[in-house]
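All values reported here derive from a predicted model rather than from experimental measurement.
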Amino acid sequence: MRIATWNINSLRLRIDLLRRLVQQEGCDVICLQEIKVEDGLFPLEAVKALGYPYIRFHGMKGYNGVAILSKIPFTVMDPKDWCLKGDARHAHVVLDGDVELHNFYIPAGGDIPDPEENVKFAHKLQFLDELTAHFAAGAKAGASAKGKAIMVGDLNIAPLEDDVWSHKQLLSVVSHTPIEVEKLTAVQKAGKWVDAVRQITPAPTKLFSWWSYRSADWTRNDRGRRLDHVWVTPAISKRVRHATILKDMRGWTQPSDHVAVIVDID
DNA sequence: ATGGTAGTCAAACTA
């Protein structure tokens, strides 16, 4: 099974790039974030025509929004209302074969890395705490019956030193601050999640999945960050065969600022 | 330290 996660930054604007991704990589499951489309306007027929009969979308007007496109049938689960904000940052399905799949879009957190001064950063930290509590409780209850689960998404945190272009220069930049990394690591521990991409390509190899729009030339100094992740439970990690970050996508015409991350599971 | 770009949806917000 080939699974992809991609922050597409508007599904309607970039549906042709989605088609290109599908033609090039032929994924079985694609998890999208920032689809930026309310449910009534979701381009359902166009997405089905790409070869994905099973589609779960959860959007809102203007911002956020996540979707799961699949060739494998699934059961839709209720998303949790994280931080009770009624936003669209989580899709949850169980794929046939008893594989639980979560698609998350964790809040970016604004610019100031201080929860007292910046409510968006406070929101991000609270979201992470709720994730930890959720997966800790789930593990006790044996939520995924056979322990087969996958969690993907734009987690908006680059946890390792080699997940950013300069660890030192980004220590107080939201996405790489110690408090965020600590809380993301707690989520990982609570769910017994294994980072599938780093299992294949360990540090110190640098890996990035996002390059800012705010630079004249994104290739110039390769100032990226790895914000997009694929995590799997130990039972699945034994079956991970391949993982890639499709850096070339950042060079496509009218690109998203994020590229797709792909993992192959046997 | 500053300001740089992109998307939604039509002014201001988010990233």
Side-chain angles (χ1 to χ4, degrees), chain A residues 5-21 31-43 46-47 57-67 82-91 103-115 117-128 152-159 163-166 168-177 180 184 208-229 245 247-261:
Chain A
T5 179
W6 185 28
N7 179 324
I8 192 170
N9 188 19
S10 175
L11 171 59
R12 286 173 295 173
L13 189 69
R14 273 183 258 284
I15 193 134
D16 290 338
L17 296 192
L18 178 61
R19 181 174 300 109
R20 188 169 168 183
L21 172 66
C31 297
L32 300 173
Q33 304 84 36
E34 282 206 274
I35 60 174
K36 294 187 175 177
V37 57
E38 57 194 305
D39 290 347
L41 297 175
F42 188 92
V47 173
F57 53 91
H58 177 37
M60 59 190 286
K61 192 174 178 176
Y63 311 109
N64 305 332
V66 289
W82 305 92
C83 307
L84 301 177
K85 288 182 76 80
D87 54 11
R89 296 179 176 275
H90 179 212
N103 178 16
F104 282 106
Y105 175 49
I106 292 183
D111 288 331
I112 303 163
D114 179 348
E117 271 185 66
N118 172 9
V119 292
K120 288 190 254 183
F121 195 69
H123 178 209
K124 185 177 198 174
L125 298 184
Q126 187 190 341
F127 200 108
L128 291 162
V152 310
D154 176 2
L155 307 186
N156 265 315
I157 296 171
D163 290 340
V164 293
W165 64 274
S166 168
K168 274 189 183 171
Q169 289 181 77
L170 290 175
L171 269 171
S172 57
V173 173
V174 172
S175 72
H176 193 62
T177 64
E180 291 169 87
L184 189 69
F208 310 140
S209 65
W210 172 91
W211 293 261
S212 174
Y213 281 130
R214 300 179 193 180
S215 89
D217 179 4
W218 71 278
T219 61
R220 211 175 117 90
N221 296 309
D222 200 23
R223 296 188 165 186
R225 306 177 202 168
R226 189 172 70 108
L227 305 179
D228 303 274
H229 300 273
I245 302 185
K247 184 174 182 178
D248 288 354
M249 290 177 72
R250 188 63 178 78
W252 290 0
T253 303
Q254 199 174 32
S256 168
D257 45 355
H258 296 253
V259 301
V261 180

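- Along DNA chain B, the nucleotide closest to A:Lys61 and the one closest to A:Asp257 are compared, and the more 5′ of them pairs with A:Lys61.
- To the nearest angstrom, C1' of B:dT14 lies 12 Å from NE2 of A:His258.
- Residues meeting the side chain to side chain contact (heavy atoms under 4.5 Å, CB included) test with A:Asp114, sequence neighbours left out: A:Ile112, A:Glu116, A:Glu117.
- Nucleotides B:dT14 and B:dA10, compared at atom C1', are 15 Å apart to the nearest Å.
- Rounded to whole Å, the distance from CG on A:Asn118 to P on B:dC13 is 14 Å.
- Judged as a side chain to side chain contact (heavy atoms under 4.5 Å, CB included), and not counting sequence neighbours, the contacts of A:Val173 are A:Leu170, A:Arg225.
- Within 4.0 Å of A:Arg250, counting heavy atoms only, lies no atom of the nucleic acid at all.
- Close to B:dG7, at under 4.0 Å from its OP1 or OP2, lies a side-chain N or O of A:Gln254.
- Summarising the geometry, the separation between CZ on A:Arg89 and C1' on B:dT14 is reported as 10 Å, rounded to the nearest angstrom.
- When the P atom is used for both B:dA15 and B:dA1, the distance is 24 Å, rounded to whole Å.
- Taking 4.0 Å as the cut-off between side-chain N and carboxylate O, A:Asp222 and A:Lys247 count as a salt-bridged pair.
- Remark: A:Ser172 pairs with no residue by the side chain to side chain contact (heavy atoms under 4.5 Å, CB included) rule, at least two apart or across chains.
- Whole-Å rounding puts the A:Lys36 NZ to B:dT14 P distance at 12 Å.
- Each of B:dT14, B:dA15, B:dA10 was ranked by its minimum atom distance to the side chain of A:Tyr63; first place goes to B:dT14.
- Judged as a side chain to side chain contact (heavy atoms under 4.5 Å, CB included), and not counting sequence neighbours, the contacts of A:Pro115 are A:Phe121, A:Ala122, A:Leu125.
- In this structure, the CZ atom of A:Phe127 is 12 Å from the P atom of B:dA15, given to the nearest Å.
- Protein atom CZ of A:Arg12 is 11 Å distant from nucleotide atom C1' of B:dG7, rounded to whole Å.
- Taking every heavy atom of residues 215-224 of chain A and every atom of DNA chain B, no pair lies under 4.0 Å.
- The side chain of A:Arg14 contributes an N or O atom lying less than 4.0 Å from OP1 or OP2 of B:dG7.
- Between A:Ser10 and B:dT8, a side-chain N or O to OP1/OP2 separation shorter than 4.0 Å is present.
- Nearest-nucleotide positions on DNA chain B place A:Leu13 closer to the 5' end than the other of A:Leu13 and A:Asn7.
- B:dT8 atom P lies 10 Å from atom CD of A:Glu34, rounded to whole Å.
- Residues that satisfy the ring pair (Phe, Tyr, Trp, His ring centres under 6.0 Å) test with A:Trp218, not counting sequence neighbours, are A:Trp211.
- In this structure, the separation between CD on A:Gln33 and CG on A:Asn9 is 11.0 Å, given to the nearest 0.5 Å.
- Within the 4.5 Å cutoff, no side-chain heavy atoms of A:Ser175 are placed close to those of A:Asn156.
- In terms of phosphate contacts, A:Lys120 brings a side-chain nitrogen or oxygen within less than 4.0 Å of OP1 or OP2 of B:dT14.
- In this entry the distance linking CD of A:Gln169 with C1' of B:dT2 reads 14 Å, nearest Å.
- Nearest nucleotide to the A:Tyr213 side chain, out of B:dA10, B:dA6, B:dA15: B:dA6.
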